[in-house]
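Step one of this worksheet: look at the structure below.
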Amino acid sequence: MKAILLLEDGTVFKGTSFGAKGQKCGEVVFNTAMTGYQEILTDPSYNEQIITMTYPLIGNYGTNNADTESRKSFARGFIVKENCDYPSNWRNKQSLSDYLKANNIVGLEGIDTRALVRHIRTAGAMRGIISSTEFGITSLKKKLQKYPGLVGRDIVKDVTVGKPYDWDKGVIDVLKGEEIKPPKKYKVVAFDFGMKLNILRLLRSHGCDVYVVPADTSAKDVLARKPDGVFFSNGPGDPAPVSYAVETVRKLLGKVPIFGICLGHQILALALGAKTYKLKFGHRGANHPVKNLKTKKIEITSQNHGFCVDMDSLDEKAVGLTHLNLNDNTVEGIRCKDKPAFSVQYHPEASPGPHDSNYLFDDFIKLMDKS
Amino acid sequence: MPKDKSIKKILLIGSGPIVIGQACEFDYSGAQACKVLRQAGYKVVLVNSNPATIMTDPEMADRTYIEPITPEIVAKIIAKERPDSLLPTLGGQTGLNTAVALAESGVLKKYNVRMLGANLKSIKKAEERDRFKKVMTDIGLEVPKSGFAHTWDEAKKVIEHVGFPAIIRPSYTLGGMGGNIAYNAEEYKEFINWGLGLSPISQVLIEESVVGWKEYELEVMRDKKDNVVIVCSIENLDPMGIHTGDSITVAPAQTLTDKEYQIMRNASLKIIRAIGVETGGSNIQFAVNPENGKLYVIEMNPRVSRSSALASKATGFPIAKIASLLAVGYTLDEIPNDITKKTPACFEPTIDYCVVKWPRFTFEKFPNTNPELTIQMKSVGEAMAIGRTFKESLQKAIRSLEIDRYSLDNRHIKGSLSMFELKKKLRTNCWDKIWYVAEALRRKLPVDEIFTLTKIDPWFLNNIKDIVKFEEKLKHIQDIRQKTKSPLKRSGLKSLGSAVLKKAKEYGFSDKYMASLLGVEEQELRKHRQSLGINAVYKTVDTCGAEFEATTPYLYSTFESDCEANPTDKRKVIILGGGPNRIGQGIEFDYCCVHAAFALKEIGVESIMVNCNPETVSTDYDTSDRLYFEPLTFEDVISIVEKEKPDGVIVQFGGQTPLKLAVPLEKAGVKIIGTSPDSIERAEDRKRFNKLVEKLKLRQPFSGTATTYKQTVKIAERLGFPLLIRPSFVLGGRAMRIVYDPQELKACVEEAIEVSGKHPILIDKFLDDATELDVDAICDGKKVVIGGIMEHIEEAGVHSGDSACSLPPVSISKKILAEIERQTKLLALELKVKGLINIQFAVKDEQLYILEVNPRASRTIPFVSKSIGVPLAKLAAKIMTGMTLDELQFTEQVHRSHFAVKEAVFPFLKFPGIDTLLGPEMLSTGEVMGISDDFGIAFAKSQIAAGNTLPASGNVFLSVKDADKPRAVEVARRLHAMGFKIIATKGTCIELIKNNIPSQFVLKITEGRPNIVDSIINDEIDLIINTTIGKQSIKDSFSIRRNALDKQVPYVTTIRGALAVAKAIEALKQRKVDVKPIQLYYRQKGK
């Protein structure tokens, strides 16, 4: 079974189809993590993206019911060098191929993924169309031209929850099967811009009573619940057009402790008057070194972002830089100088990736304790 | 935190000779450490007894001591050099143990030396089983259940909570001797009693066995600021129960979800912090229950290890180099990543390929030992392969091993092997199990069942199944081809289409194997493949999965679309390396290849290294300008040549491996530089060599060739006994025997004929009691300069690689030395040598015989280079590029006033049941050098360095063959004069008493009890001198030698060796053992 990837610059990669059949447009990106493909596939931040895994052997341990990061996958396509149809792991429930089918994700395997990654690295992330139903370049090109890409579009609305709800599940110890669920001490409102479930699990395991709200919830409604803290989640795409959320943050700043991750971080920065810009090919992986400028210690972090806060645009009087990416010296964390609010660009909730930055959840708790 | 300025001078301890479990990886790590620490402005003092290392090159450290690595000697070096710091974590277990001994004895405190990286407390916490277990339990991690026992009653209690199967390890036995797995109460009792008997403190550790669990390793690094990163994860294909050094391993881990991997990562972080390794690298091993993910911590090495070398090569992250920088105070964020230059070393490498490491065994050398793999390591080397998929890497790894296997085919498996026998094979841990797994899959045994039998994870088994299924597809094409009537189709490869061939290459199938499947020549298949446009492309090992641009060309081949090789148009030369270490071809050849790279760099020629041994310095991306981590087969090499288009290829430095490729490469139009392949063949081919010797009017022992026993008998009648029988075209003296009488002849000839295959066997008149000499020389085609002449300590008949030798010679007349020089020059010029030449001579009754000529780098090149202080391999490489000896200003032999003695080191202890007698078949794994202005001391140092501790007093057991009796008298007289008590068997005893040397009589084993073996076991013997002749005598005395080894009593099996030992003991008694750096020895001129 054939499958094809066509990039907006005309580059074509031909391989074999796996997972769901179909054709979809999206931004073609790559992730360098060697484990955690199921978490990556279910991270809503990948909405409208076609994910290429740099590690060539994917599917080795199958998929299971526990390692999901959202109610469904929003990825547009999944590209690997070699998909494994004989997964081996005691937790395996379903092969990757079947999982993609069940989630209607178009898969492509058997291409020179390293060549694709090098191409994106040099030319920048770009739009592409993945297809296992049609292979005519001209026709695919036309379809791709109609796809507008991510810049300037609000794609948070496609992934956020429709209605608010209470969250009450903690982190589960994989080996022992025990759920970590201390008594609820803090009322937290969590904005879902496309939130990864592990953030919710970690908040609950840190003693938070979590109430999840849609992205366009107003500041007034939030404050009406008298929360101890408000959380702004990760999410897909360009932060700039999500202006309603920026407005909400602005209204909440100083009134309640705020913690933001990824898109939530960018939105906080925008609310503080900073600017964001699109990175050439983004940061996606589980090995990025981030320096905590306060402790001077290095955290190995999980990352997934295509946009970034412009360091020069930060108002030095109001905002402090707390975390720095050591690979390219970009902004990884900020903290308000006179208001209880902080955020990080990367993913302290890991899943997938190292747990080095879990302490940020403790920091959020401390911030709520202080306020 | 920048570098620590309170540190000025650092002592680095190497790992000594190559032994099983400790090989060139510590030269690689030590050399990196030397280099980077000196760059950082520190003075480095180095001690290592192994001359075949790059780290002991005089320019690598400020002061280099090629001295025995014992606490006493190192203490002397500390007293002399007064270093302020000691880096103990880069010299393997030897370096670490020596550092611990120096700390415990108070030497470090006395001289105010501090340990960098890991302190005594953390080393102890990691190394001592009890303490380690407690630390793990304290931080909430689990280790296998265990307990110590000193009596059977205690052992009975321990087994109650440990349960079966249980591992029994006697405490403080050498090399894990006496380790066993008990599956039932009966075995348990037997092993406990045996173990208690073996342990010098009557203690055994009984441990819960996790045989069959999955095994993982993580390489961890930590800096002063407590930043910790994981460099690499490794998953063993072989389950727990097989030593990780003997296991096929894969990087990165393949079958762990992120959740499980992070549990392991978190555990590693906790462990390195709890053990307290302050800075540097550690290796942590885990066992995982495949049924429920349960995790056990198995052990931790608080130092750079074999796995660190593998992880470095697998990821491009130079662990040893960075560990050294961390030890002197740098932090991970301050060190740049060498490969990307732009990003810091403070990250976790991510790879976009699959790495397979495969161990290399040499069981054929030890036919009397059980070849089963256990918890004690037995492999002597390893090959690593990089590919984009596991299937590709697996098949590349197989052909990297150079065991004449190019696939998973069943050529080595008897067709008659029944399913019952096959299943039995799968249950036992034989070294070649994977081929039986493939066979089982071929016979349609389900993966589940193979998993039950082998405990190899189904993921690996299914991948192998893919390969086997594809192999069947290829066979099917051949079947159709043979049935077709069209002659055109039958003669061509037309039926092998592009899609199938492309897929086959992606699966890692070699041209050679596919050609054999399809019944065509490799060349034909290659042409067909290339005509379809299917060629290897090269990808970069870049630490980051292509996220950043790599500036270091560290490449591997695969079959995809995009090639990153980007060859330059500079003047360039390819150096072919030696592949995996084995007995007969080891670090010495890697040393030469590395020197070739250095030499090319010096003269501005681009150096391109090809090798597949992850332990070596040659596969460090820093060593050459470009590195191809590839198997050394014709196909893999010619692909690189086609891509790079070099000005020449060097084949004479990597041992037999590249030499075998010389002729095929030349035929394919590749320019081989240096001595021509034809000259090399002229020296190797028996008939052509005989003509050469005749032409030059030189003398060699009388000889003949035969293909049958009958012919051999005739030749034997003509030449007379003793005879040297050997197969032709073999390595390291395989199946080579000395025969003293007609009774022994038949068995020897039969064995030789079998090993020799199609080729005739060679029969030489054996020069009994002759002195053997090795000569290394260098020639530019016009001029010849002798590098060194070495006199073997043991008489001719002991393989030159196993014999101790002295440079300069000690008992050779001036006349003979002059003759050696004349003949060496004659041969070198006749063979038009451009580079190195090694000649073996024998002297008997003042008559010189030529035994062998090798116009290439020899095993002794590093030893000679270190002795005389001239880098011969480097000079030779320059000659190959067209320079002359005059230009290189090396026109005269260098004479020094000191003596350098090389001694071989053997792996006998690892192989229970084998004889330790030396012979014409090489058995040693490594070598040491003793150096002194006095021969006796130099020899004594070589013995100490090799682990043969010479006694200063006590009882000497003497039993020699008749021919040795006159010399035995001299040996006994010297020993008696020094106060030794002589104990001898009947014949020897009578001879001594006749010569007025008091001696006590002892029974041979065959003569009743108590006999000599009883005395050895009862610790009544301090030195054993035992020479034998003939099969019966060897058989009778076997248990003397074996017990000597097991009880660690020094023993000598040649009379000349015994004499050297006696002289060495005299020297030790008369003089102090001094230490001196080689840099100072090179300032002395000789006669």
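These figures come from a predicted structure and were not determined experimentally. Chain letters run A, B, ... following the sequence lines, proteins first and then strands; every chain starts at 1. These values consider heavy atoms only, across backbone and side chains, with no hydrogens, waters or symmetry-generated copies.
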Under 4.5 Å from any heavy atom of chain A - which part of B/Ile230
neither
Need one label for B/Leu461: side chain, backbone, both or neither, based on atoms under 4.5 Å from any heavy atom in chain A.
neither
Chain A contact via B/Arg265 - side chain, backbone, both or neither, heavy atoms under 4.5 Å
side chain
At a heavy-atom separation under 4.5 Å, does A/Tyr37 approach chain B through its side chain, its backbone, both, or neither?
neither
Segment of B/Asp226 engaging chain A (4.5 angstrom heavy-atom cut-off):
both
Is a side-chain donor-acceptor pair under 3.5 Å present for A/Asn60 with B/Trp459?
yes
Side chain, backbone, both or neither: which part of B/Asn463 has an atom under 4.5 Å from a heavy atom of chain A?
both
Is B/Phe347 close to chain A through its backbone or its side chain, or both, or neither, when contacts mean heavy atoms under 4.5 Å?
both
First locate atom CD of B/Glu260, then atom CH2 of A/Trp90, and finally report the distance between them rounded to the nearest 0.5 Å.
6.0 Å
Under 4.5 Å to a heavy atom of chain A? For B/Phe460 that would be neither
Counting only heavy atoms closer than 4.5 Å, note whether A/Arg114 contacts chain B via side chain, backbone, both or neither.
both
Side chain, backbone, both or neither: which part of A/His119 has an atom under 4.5 Å from a heavy atom of chain B?
neither
